[in-house]
A.B. asks: 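Pasting in a structure now, in structure tokens, and then I'll have a few things to ask.
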Amino acid sequence: MSDSAQLPAAPSSAKLQIGDKTLDLAVVVGSEGEHSVDVSKLRDATGYITLDEGYRNTGAVKSGITFIDGEQGILRYRGYDIAEVAQNATFIETAQLLFHGDLPTAEAHAHFTKLLSKHDEQTFEDIVAAMSGLPATSHPMATLSAMINLTSGRYSDSGFNNKAEFEEDAARLMGKVIILAAAAYRTSAGLPILAPKAGYSYCENFLYMLFSTPTKAHVPDPDVVDALDKIFILHADHEQNCSTSTVRMVGSSGASMSASCAAGVCALWGPLHGGANAEVLERLEYIHQSGMTPAQFLERVKNKQEKLYGFGHAVYKNFDPRSRVLKKAADKVLAKLHVNDPLLDIAKQLEDAALNEDYFKSRNLYPNVDFYSGIIMRALGIPTNMFTVLFAIGRMPGWIAQWKEVRDSKSKIYRPRQVYVGPAHRAWKK
Ligand code: ACO
């Protein structure tokens with residue numbers, strides 16, 4: 001079934017017949033007209049469970065944070081279209097919108113911004129000490145996840161029920177994540193770790209900590225800061241994707257905000273999810289170095305010898321609305337920075353050719369957010385092994401908001417069932 005808005009009005013219940021037994025199942029309709037059948041009592045009533053491998057047809061939660069219509073290419077944060085959020089809000093305002101459901105007042109925004117830049121020296125010393133014990137060859141995603149866990153011990157956010165501390169915990173985690181992300185890169189590049197600089201905004205500080213050298217403090221370019229802010233906004237939440245479901249699953253056990261989000265970093269790392277942005281660039285480099293034409297590479301994709309990373313999406317069967325905004329931002333940044341990069345020409349040719357190829361058209365494969373974010377990040381000078389880390393920084397507010405929703409809904413621990421298909425009971429035999 002495609003667009004749920006085209007469905008006829010929902011009945012109040014659906015009937016399920018199993019053998020000679022008929023069961024009335026409640027129909028639940030979402031605020032954007034999504035129809036679902038509540039099967040939560042199915043096992044108690046019939047002994048049956050539902051089977052939906054990979055949860056692709058399962059509404060695991062009721063959530064009020066983000067709405068996606070994959071057929072129409074719609075993405076909204078708390079009711080606001082993503083393009084409007086990206087045009088009008090900052091990343092920090094977006095984070096507060098996701099946490100609390102409404103745009104922040106000027107006072108609430110000033111308060112949270114102040115908390116974000118409150119770094120105590122002991123935390124920074126802890127980070128430097130803990131990082132020195134990690135192998136320099138660690139992937140920055142491994143370092144980020146490990147360090148979020150390692151540095152959470154000093155704080156109260158281990159308290160799942162400590163609601164009064166939410167703002168402090170969220171600000172501390174978001175504020176610390178840019179320090180850890182920059183530190184992960186600097187360690188992998190053999191550079192000393194830098195502390196944030198007072199007076200710089202969130203994105204300015206990240207760029208400062210990432211790019212400063214021992215002899216020259218980096219002064220962030222306002223256009224680059226703006227592009228980074230947009231990248232973060234566009235990544236800030238995406239309802240029940242793999243990493244967010246992971247965060248919610250971990251949080252449902254009563255685990256802290258930090259522990260749940262550290263798990264989200266690991267889930268995001270995979271190449272089918274957030275890791276795709278780095279894969280895009282690696283494939284472009286491969287095409288460039290091998291001397292292959294984009295058309296020859298696409299032949300390999302059509303023959304299933306390759307995957308075109310940055311194309312396709314589990315939910316969007318149309319243009320990813322984030323990629324529309326990012327494409328415009330990419331064009332602007334590339335023009336402004338006068339970037340002359342053969343990989344970007346290859347990306348453009350690949351995109352044009354793929355959008356006209358029957359293989360992609362017939363499978364509804366369009367560029368997703370990772371295609372353009374990889375291109376912009378390259379233009380901004382971000383090292384490829386940091387691409388997915390930047391995704392994690394951007395997704396942090398969404399993970400925090402989703403963790404908070406689990407906590408506030410007093411949900412039971414998440415516990416899917418299975419259909420066991422292993423050996424039936426057998427007698428012990430050596
Ligand atoms: N390149 C080539 N073929 C593809 C691609 C791709 N990027 N994506 C899907 N296909 C093909 C599949 O091989 C399959 O072909 P078939 O019908 O001949 O068997 C068909 O399209 C359907 O693909 P599925 O894998 O069933 O689609 P699904 O919805 O499960 O996968 C996914 C979605 C994982 C994103 C997939 O499109 C993919 O692997 N893309 C590349 C990785 C990527 O860019 N991931 C980032 C997604 S956005 C994000 O997580 C932030």
Side-chain angles (χ1 to χ4, degrees), residues 1-2 52-58 66 68-71 73-75 77 82 141 230-247 264-284 286-287 294-327 347 350-378 384 387-399 402:
M1 179 59 67
S2 61
D52 176 26
E53 289 195 47
Y55 320 122
R56 300 296 282 263
N57 197 46
T58 293
T66 290
I68 297 177
D69 183 326
E71 280 73 28
I74 292 173
L75 167 62
Y77 293 163
I82 186 64
M141 285 296 273
K230 279 216 174 15
I231 291 177
F232 287 160
I233 291 172
L234 294 170
H235 286 84
D237 195 47
H238 212 235
E239 54 117 303
Q240 307 311 317
N241 55 79
C242 175
S243 55
T244 301
S245 299
T246 302
V247 169
V265 172
C266 293
L268 186 72
W269 191 358
L272 297 187
H273 192 15
N277 55 16
E279 298 284 339
V280 171
L281 253 290
E282 277 162 23
R283 291 306 180 285
L284 294 177
Y286 162 71
I287 294 171
Q296 283 168 329
F297 183 80
L298 287 186
E299 274 311 303
R300 290 176 61 80
V301 174
K302 281 160 41 186
N303 295 332
K304 307 278 187 196
Q305 293 160 288
E306 296 280 355
K307 191 167 253 209
L308 184 56
Y309 284 90
F311 266 68
H313 197 275
V315 176
Y316 294 123
K317 301 304 168 194
N318 199 326
F319 249 89
D320 179 338
R322 300 168 296 178
S323 64
R324 287 186 195 279
V325 181
L326 266 186
K327 186 172 165 32
L350 266 182
E351 179 202 358
D352 289 345
L355 287 173
N356 287 306
E357 273 281 355
D358 190 52
Y359 175 95
F360 293 90
K361 287 200 277 191
S362 63
R363 290 172 176 78
N364 293 320
L365 301 173
Y366 292 89
N368 60 47
V369 68
D370 289 320
F371 192 74
Y372 299 110
S373 66
I375 293 172
I376 300 194
M377 287 194 253
R378 168 143 175 127
T384 310
F387 285 9
T388 316
V389 172
L390 264 75
F391 192 153
I393 297 173
R395 184 54 55 87
M396 201 54 70
W399 289 337
Q402 302 267 354

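Just so you know, residue 1 is the first one in the sequence shown, and it goes up from there. Heavy atoms only: backbone and side chains are in, while hydrogens, waters and symmetry mates are out. Atoms within each ligand, like the ligands themselves, are counted from 1 in listed order.
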A.B. asks: Report the part of R395 (side chain from C-beta onward, or backbone N, CA, C, O) that has a heavy atom under 4.0 Å from ligand 1; answer both or neither where that applies.
C.D. replies: neither

A.B. asks: Which part of N241 is near ligand 1, with near meaning a heavy atom under 4.0 Å away: side chain, backbone, both or neither?
C.D. replies: neither

A.B. asks: Ignoring hydrogens and geometry, is there a side-chain-to-backbone donor-acceptor pair from D52 to N57 under 3.5 Å?
C.D. replies: yes

A.B. asks: Is D370 touching ligand 1 with its side chain, its backbone, both, or neither, if touching means heavy atoms under 4.0 Å apart?
C.D. replies: side chain

A.B. asks: If we set the cut-off at 4.0 Å for heavy atoms, which region of R363 has an atom near ligand 1: side chain, backbone, both, or neither?
C.D. replies: side chain

A.B. asks: Using a plain distance cutoff, I'd like to know if F311 has any nitrogen or oxygen under 3.5 Å from a nitrogen or oxygen of ligand 1.
C.D. replies: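 Yes, at least one N or O pair falls under 3.5 Å.
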
A.B. asks: Protein heavy atoms near atom 17 (O) of ligand 1, is at least one of them under 4.0 angstrom away?
C.D. replies: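 It does: a protein heavy atom is found less than 4.0 Å away from atom 17 (O) of ligand 1.
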
A.B. asks: May I ask whether atom 23 (O) of ligand 1 is less than 4.0 Å from at least one protein heavy atom?
C.D. replies: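 It does not: no protein heavy atom is found less than 4.0 Å away from atom 23 (O) of ligand 1.
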
A.B. asks: Taking both backbone and side-chain atoms of Y359, is any N or O found less than 3.5 Å from an N or O belonging to ligand 1?
C.D. replies: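 Yes, there is a polar N/O contact under 3.5 Å.
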
A.B. asks: Determine if the distance from atom 32 (C) of ligand 1 to the closest protein heavy atom is below 4.0 Å.
C.D. replies: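 No, there is no protein heavy atom closer to it than 4.0 Å.
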
A.B. asks: With heavy atoms under 4.0 Å as the rule, classify the contact between F391 and ligand 1 as side chain, backbone, both or neither.
C.D. replies: side chain

A.B. asks: Mind telling me whether Y316 and H238 have parallel, tilted or perpendicular rings, with 30° and 60° as the class edges?
C.D. replies: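 Plane angle between 30° and 60°, so tilted.
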
A.B. asks: In terms of ring plane angle, is the pair F297 and Y286 parallel, tilted or perpendicular, where the classes change at 30° and 60°?
C.D. replies: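 The arrangement is perpendicular - the two ring planes meet at more than 60°.
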
A.B. asks: Under the 4.0 Å line, does any protein heavy atom show up next to atom 26 (O) of ligand 1?
C.D. replies: no

A.B. asks: Can you check whether V369 has an N/O within less than 3.5 Å of an N/O in ligand 1?
C.D. replies: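 N/O-N/O distance below 3.5 Å does not exist for this pair.
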
A.B. asks: Take every heavy atom of H235, measure it against each atom of ligand 1, and state whether any distance is under 4.0 Å.
C.D. replies: no

A.B. asks: How does K317 reach ligand 1, if at all, at less than 4.0 Å between non-hydrogen atoms: by side chain, backbone, both, or neither?
C.D. replies: side chain

A.B. asks: For atom 44 (O) of ligand 1, is some protein heavy-atom partner under 4.0 Å away?
C.D. replies: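 For atom 44 (O) of ligand 1 the answer is yes, since some protein heavy atom falls inside 4.0 Å.
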
